[in-house]
Amino acid sequence: MKVYLTTPLYYLNDVPHIGHAYTQIATDVLARYYRKEGYDVFFLTGTDEHGQKMEQSARAAGKAPQVFVDEQVEKFKALWKRLNISYDDFIRTSESRHGEVVQKVFKKLLEKGDIYLGEYEGWYCTPCESFFLPSQLDNGKCPDCGRAVHWVKEESYFFKMSKYQNQLLEHIRDHKDFILPTTRRNEISSFIKEGLKDVSVSRTSFSWGVPLPEPVFRPGHIAYVWIDALLNYVSAPGFMREEEKFKRYWPADVHLIGKDILKFHAVIWPALLLALDLPLPRTVFAHGWWTVEGEKMSKSRGNVVDPWKVTEQFGVDSFRYFLLREVAFGLDGDFSTEAFIRRYNADLANDLGNLFQRTLSMVERYFHGKVPATGKVAPEDEKLRFKTEELPQKIRKHYEAIELHNVLSQIWDLITLANRYIEETAPWKLAKTNPERLGTVLYNLLEALRWLAFYLSPFLPETSEQMNRQLGSAGLKSPPVWGQIMPGGTIRKGQPLFPRMEKQ
Ligand code: ME8
């Protein structure tokens, strides 16, 4: 009953933006869901602090690398706090608890004969911290980011990745959930079938990294930043440090990443794990890429979406909601203020907000703010109850497949049905003709809202709490059972959850 979830470790030379926030929020939703379901969840995030890029950024800022990263990391932590990211551990690759494990792993692989000394000669893209063969370049530029590459020739240790090619292919073939979405799985299989080369895993031309331990390694080598960073997924839960804890959480259940870094996570990382005789993660899920108003986001274009600004304007929960509802999880998405406001008004202000506000207003008006007693059950009540009670089963399937947009659409089906229930039962008419029936209808609506508050909470944690507060005695926190609201409890109408937004 454990779930171990990870995000990438973000590079600290950038400011955190909508893309980083996306991965964080999606992982947070999974973590919150599994916690509510009673799982022992370990949600890990952190920062990638070593490498040539970081050393250069620190130099450009006139600071020592450690001072630079110590300052930068606070920007990430502050944003995660703002976005209510409920991580259990935050690992920084410059911490000694991590560096020690990196050194032990290198030693172990050297002893095993899976790391050997050689010389690397080829191209290097510093922004991507990636090596490329001449044949891989795109018009002489980095095939991933299009920026300039430089020629590197240095003594280097290599990891025998080629040795694990067949084992990895078999694993991918036999574990349909190992790489998701499925299109990504095919892409990786074809890549591996072209033939895996050994990878350079150490650098000597600069020093900001984990030093490889002497005398078993020659002096002056530091771990290649990607190997260093990937190892966080085992160092944080305690590999070679706290074996009890490590056994409890490893293998990871989901490594959630963007599609840009899939090869590192679905090829190099599992090959390293095979070399370490460790079980492979259950799923590596690569989500899509956000553009802004149809354009690639970049500092030079000046169109980088700052989550601080968006959440100041629209609120944290609506930002979380928009990102996970606007695109099918796994596909690319486009951010625009217009699309944001459209979705906010339609789904949050109208569907959810109105349902909640209308129901509470009627309980206030007709029953002095007290939960009414429920009476005889009509077929439409059963339909609402049935739809509510089947929600947990329906969303579970989508959570397991990491189809977060489908979780939301199931929840919204219930919201739509509840709104229709109001139209069909017309409580304002019942108020004049049949107070007992009116009580039953409002009771059912309060009950459905209590379930909604519960199942919306991974996506909209603040709203869910507000709903629970306003539902008063109706807002139970435990996994719901139909019919547990106590008649006579007090509700509080309060402000609308999502006031309508005007077009900007
Ligand atoms: O790659 N759309 O760090 P990074 C969607 N340090 N997601 C985006 C995005 C966008 N436009 N931009 C960034 C690294 N992301 C390495 C990882 S892991 C051991 C080391 C998200 O700071 C997405 O999750 O460049 C992507 O994979 C990640 O940020 C890259 O973060």
Side-chain angles (χ1 to χ4, degrees), residues 5-28 30 44-54 57 69 72-73 75-76 79-80 83 85 90-94 98 101-102 105 125-130 142 144-145 147 184 209-210 223-236 252 254-270 272-273 281 284-299 301 303-307 322-324 326-335 402 404:
L5 307 166
T6 72
T7 72
L9 297 198
Y10 305 106
Y11 288 128
L12 279 180
N13 60 319
D14 213 352
V15 286
H17 58 61
I18 183 177
H20 310 114
Y22 185 48
T23 323
Q24 293 300 100
I25 292 169
T27 316
D28 186 57
L30 290 174
L44 175 69
T45 190
T47 42
D48 192 348
E49 309 196 347
H50 287 137
Q52 199 163 4
K53 174 162 66 175
M54 218 56 63
S57 300
V69 294
Q72 289 291 105
V73 71
K75 297 182 187 165
F76 283 77
L79 182 62
W80 304 156
L83 299 177
I85 306 301
F90 190 106
I91 187 142
R92 303 179 53 189
T93 53
S94 67
H98 172 72
V101 176
V102 174
V105 165
C125 173
T126 309
C128 294
E129 299 280 18
S130 294
C142 168
D144 287 345
C145 73
R147 280 177 278 201
R184 304 276 168 221
V210 177
Y224 168 41
V225 64
W226 262 103
I227 305 296
D228 172 357
L230 285 165
L231 285 168
N232 92 87
Y233 300 131
V234 292
S235 73
V254 185
H255 288 314
L256 202 62
I257 54 165
K259 64 180 186 180
D260 55 323
I261 54 176
L262 181 61
K263 274 185 202 152
F264 292 99
H265 284 80
V267 182
I268 300 182
W269 178 229
L272 274 172
L273 289 169
V284 175
F285 189 102
H287 65 62
W289 209 244
W290 282 90
T291 50
V292 177
E293 316 257 358
E295 297 222 13
K296 206 177 153 205
M297 214 174 6
S298 75
K299 271 191 214 153
R301 283 198 179 91
N303 64 349
V304 177
V305 177
D306 176 0
F322 175 81
L323 292 181
L324 296 179
E326 189 65 4
V327 290
F329 200 60
L331 300 184
D332 294 341
D334 187 54
F335 183 90
I402 322 183
L404 300 178

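Note that ligands are numbered from 1 as they come in the structure, with each ligand's atoms numbered from 1 the same way.
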Checklist line | SB check E49 R92 (cutoff 4.0 Å) | finding: yes
Margin query: I'd like the name of whichever of I227, I261, L12, L9 reaches closest to atom 16 (C) of ligand 1 through any heavy atom.
Written below: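 Going through I227, I261, L12, L9 one by one, L9 has the nearest heavy atom to atom 16 (C) of ligand 1.
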Which of the atoms of ligand 1 are close to [X], meaning less than 4.0 Å from one of its heavy atoms?
X    : result
D48  : 6 (N), 16 (C), 20 (C)
G288 : 5 (C)
A229 : 19 (C)

Next item on the list: Answer with side chain, backbone, both or neither: which part of F264 has a heavy atom less than 4.0 angstrom from an atom of ligand 1?
Entry: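 The answer is neither; F264 stays 4.0 Å or more away.
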Among protein heavy atoms, which sits nearest to [atom], and what does the distance come to when rounded to 0.1 Å?
atom                    : result
atom 2 (N) of ligand 1  : W290 N, 2.9 Å
atom 31 (O) of ligand 1 : Y10 CD2, 3.5 Å
atom 3 (O) of ligand 1  : Y11 CD1, 3.3 Å

Check: Of the non-hydrogen atoms in N303 and S298, which two are nearest, and what is the gap between them?
Finding: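 Taking every non-hydrogen atom into account, OD1-N, 2.9 Å.
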Note to self: Yes or no: does H287 have any heavy atom under 4.0 Å from an atom of ligand 1?
What the structure shows: yes
Next item on the list: Go through the structure and list residues passing ring-ring contact (aromatic ring centres under 6.0 Å, His included) with F285, not counting sequence neighbours.
Entry: F329
